[in-house]
Every structure is written in structure tokens, then in C-alpha cells.
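Accompanying notes for the structure given below.
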Amino acid sequence: LLAYFEEEGEFYLVQEFIAGELLSDEMASTYFYSDLDIIAFLKAMLPIVAFVHEHHAIHRDIKPDNIIRRRADGQLILIDFGSTKRSVTSQEENNPERRTVCVGTQGYSPWEQNQGQPQFNSDLYALGAIAIEMATGRLASSLECDDNMELVWRGFAHDLNPWLAAVIDGMVRHNYKERYQTAREVLQELDEISGREP
């Protein structure tokens, strides 16, 4: 995001043009990703999300269509900040009546965001949903939930490291209070995976 301005009652965003391939197109031609591919994806995206959050903003629409693999260097780039929301003050956070306009995409936005109460870790849910799609080859929106409203996905994953599966589960918990709270926390867990036995 390079700049933003308002003119004649319309709000405009100026964003850098990124030459590359949408992650959604890449995923359409890659049915299953390996553990290492999924970890590489998460390690590339989590610092970006951490940066956004550390600037008191929530992206609110992380999905494969909003991630581009830059042609020049193969780096993943998060785009489309048109839905980004600045975080509210602590006084407003304690107000159960606080609501925002519902923004997001089915399968990638968790229940609290769909209720108009996005949290910072709502963005982590979206990344976890993408990781599930990489592991299973199934759209997150097509997955069923168990009696506790948790996504049922592990049975569709092939040879996934159980530690990695546990990290992904921690990113997509139905209750945001039981989810990882920060992107840095998830990164720390991923850094430890290489030293664990499956």
C-alpha cells in the first residue's frame, strides 16, 4: 500500500503493481503440498501478518486470491488492503456491542469476523485455512465441523507431520481465545518443528 486519498466523496488506495502469479492459480495446479512447502508458506506469510498487526491493523481478507508469488524473486506478497481495519481502542474492545462491517471470504473468515468483531488472530485463522487447503487439496469452505465447531480436515491430509497439523489446528480454533494470539507465536512453534520427531 503506497498511499490513500479521498476525492469527490470516493476513497482510493494506491497499491504497488506486483508482477507474478496468484497463489490461487498456483494451488489450482498443485493438488498437495509437502510439509516443507506448507511450513515455507507459513514462514513467508506470518512475518507479513505480524508487521500488519504491529501497525495496529487487521487485514480481514487473507485468501489465495490476495497473495501473489512475485515473479522477480519468488517471494509471497500480501495484497488488497482495501478491507484492512485499524484496531480499536481498549475501551471499545471491552464493549460487547462493538461491531464493524462484515468483511471476508467464506472459508477464510472465522465466526467472530463474520459477526463483525474481527480480532488480530482472525488473520491467523485465514492463513491456517489456506494451509489446510494445501495439505488436503480441499477448499476450506467445503469442510465440515465437528460438534465443537472445529474443522474436520486431518483425515484428508496425506502424511502430514502431526506437529505441523497441531500448529495448523491452533491457528483455526473456532474460539479465537483458544487460537494462537500472535503471528510471532506461530512462527516460534514452526521454528521448533524441525527438532521434533513425527
Side-chain angles (χ1 to χ4, degrees), residues 1 4 6 10-11 13 15 22-24 27 38 41-42 45-67 78-136 138-157 165-187 189:
L1 180 63
Y4 56 90
E6 190 172 341
E10 296 292 332
F11 186 69
L13 297 174
Q15 300 180 82
L22 290 175
L23 183 63
S24 55
M27 290 173 68
I38 295 170
F41 162 75
L42 291 173
M45 293 304 301
L46 285 164
I48 298 170
V49 171
F51 178 83
V52 171
H53 292 175
E54 286 160 7
H55 284 78
H56 312 291
I58 306 170
H59 187 282
R60 298 199 300 170
D61 199 19
I62 296 176
K63 58 186 178 182
D65 280 340
N66 284 341
I67 300 171
L78 181 61
I79 63 168
D80 194 358
F81 284 81
S83 301
T84 301
K85 174 174 174 50
R86 295 277 296 170
S87 68
V88 295
T89 65
S90 58
Q91 182 179 7
E92 289 172 319
E93 284 176 343
N94 293 328
N95 179 358
E97 299 303 315
R98 176 183 61 84
R99 296 285 188 275
T100 65
V101 175
C102 181
V103 175
T105 301
Q106 183 181 4
Y108 306 104
S109 54
W111 72 272
E112 74 277 358
Q113 184 171 320
N114 294 334
Q115 297 299 313
Q117 294 185 301
Q119 307 293 316
F120 286 111
N121 64 1
S122 300
D123 285 344
L124 299 184
Y125 183 99
L127 287 180
I130 296 171
I132 287 172
E133 290 186 4
M134 289 178 160
T136 65
R138 294 171 177 257
L139 291 174
S141 59
S142 71
L143 296 172
E144 296 183 359
C145 293
D146 63 18
D147 293 340
N148 296 315
M149 298 304 295
E150 304 294 354
L151 290 174
V152 178
W153 65 276
R154 285 197 187 201
F156 302 112
V167 169
I168 295 171
D169 276 338
M171 296 176 73
V172 296
R173 291 273 177 239
H174 175 70
N175 185 340
Y176 69 86
K177 294 179 180 177
E178 297 176 359
R179 242 178 259 150
Y180 288 106
Q181 296 301 297
T182 69
R184 301 282 181 207
E185 188 181 355
V186 184
L187 276 169
E189 286 286 324

- Item | Flag side-chain contact, heavy atom, 4.5 Å: Ile130 against Met27 | yes

- Task: Any chance you could lay out the salt bridge (Lys or Arg N to Asp or Glu O under 4.0 Å) test for Glu185 and Arg179, step after step, and finish with the verdict?
- Result: CA-CA 10 Å; Glu185 188 181 355; Arg179 242 178 259 150; over 6 Å; no

- Spell out, as yes or no, whether a donor-acceptor pair under 3.5 Å connects the side chain of Gln113 to the backbone of Arg60. yes

- Note on the structure: Separation between CG (Leu22) and NZ (Lys63), nearest 0.5 Å, reads 10.5 Å

- Task: Please name the pair of heavy atoms, one in Ala183 and one in Leu46, separated by the smallest distance, quoted to 0.1 Å.
- Result: CB-O, 3.5 Å

- Does the side chain of Leu23 reach to within under 4.5 Å of the side chain of Met134, using non-hydrogen atoms? yes

- Query: After noting the C-alpha distance and the side-chain angles of Leu78 and Ile62, does the key distance pass the side chain to side chain contact (heavy atoms under 4.5 Å, CB included) rule?
  - Reply: CA-CA 8 Å; Leu78 181 61; Ile62 296 176; 4.1 Å; yes

- Item | Phe156 side chain reached by Ile132 side chain, heavy atoms, under 4.5 Å | no

- Scan residues 120-129 for pairs that pass salt bridge (Lys or Arg N to Asp or Glu O under 4.0 Å), counting only residues two or more places apart or in two chains. none

- Query: Would a 4.5 Å heavy-atom cut-off, applied to side chains only, mark Thr182 and His53 as touching?
  - Reply: no

- Mind listing the closest non-hydrogen atom pair of Ala140 and Gly107 along with its distance? CB-O, 3.5 Å

- Query: If you measure from CH2 on Trp111 to SG on Cys145, what distance do you get to the nearest 0.5 Å?
  - Reply: 13.5 Å

- Message: Go through it in stages, so that I can follow the logic: the residues are Phe41 and Ile67, the test is side chain to side chain contact (heavy atoms under 4.5 Å, CB included), and I'd like the CA-CA distance, side-chain angles, deciding distance and then a yes or no.
- Response: CA-CA 11 Å; Phe41 162 75; Ile67 300 171; 4.1 Å; yes

- Task: May I have the step-by-step check of side chain to side chain contact (heavy atoms under 4.5 Å, CB included) for Leu151 and Glu144, ending in yes or no?
- Result: CA-CA 6 Å; Leu151 290 174; Glu144 296 183 359; over 6 Å; no

- Task: May I have all residue pairs that pass side-chain hydrogen bond (donor to acceptor under 3.5 Å, both in side chains) and include part of residues 125-136, sequence neighbours excluded?
- Result: Tyr108-Glu133

- Residue pair Pro47 / Leu187, side-chain heavy-atom distance below 4.5 Å: yes

- Query: Tell me, do Glu112 and His174 make a side-chain contact under 4.5 Å, heavy atoms counted?
  - Reply: no

- Decide yes or no on side chain to side chain contact (heavy atoms under 4.5 Å, CB included) for Phe120 and Val49, but give the supporting numbers first. CA-CA 9 Å; Phe120 286 111; Val49 171; over 6 Å; no

- Can you check whether Ile58 reaches Gln119 side chain to side chain, under 4.5 Å on heavy atoms? no

- Does the side chain of Asp169 pick up a donor-acceptor pair with the side chain of Trp153 at under 3.5 Å? yes

- Query: To the nearest 0.5 Å, what is the distance between CG (Leu127) and CD1 (Ile38)?
  - Reply: 13.0 Å

- So which heavy atom on Asn114 is nearest to which on Ser109, and how close? OD1-OG, 2.9 Å

- Query: Within the side chain of His59, is there an N or O that forms a donor-acceptor pair under 3.5 Å with the backbone of Asp61?
  - Reply: yes

- Quick one: side-chain contact (heavy atoms from CB on, under 4.5 Å) partners of Asn148, sequence neighbours excluded? Asp146, Glu150

- Inspect the surroundings of CD in Glu6 and state if more than 12 heavy atoms from other residues, nucleotides or ligands are less than 6.0 Å away. yes

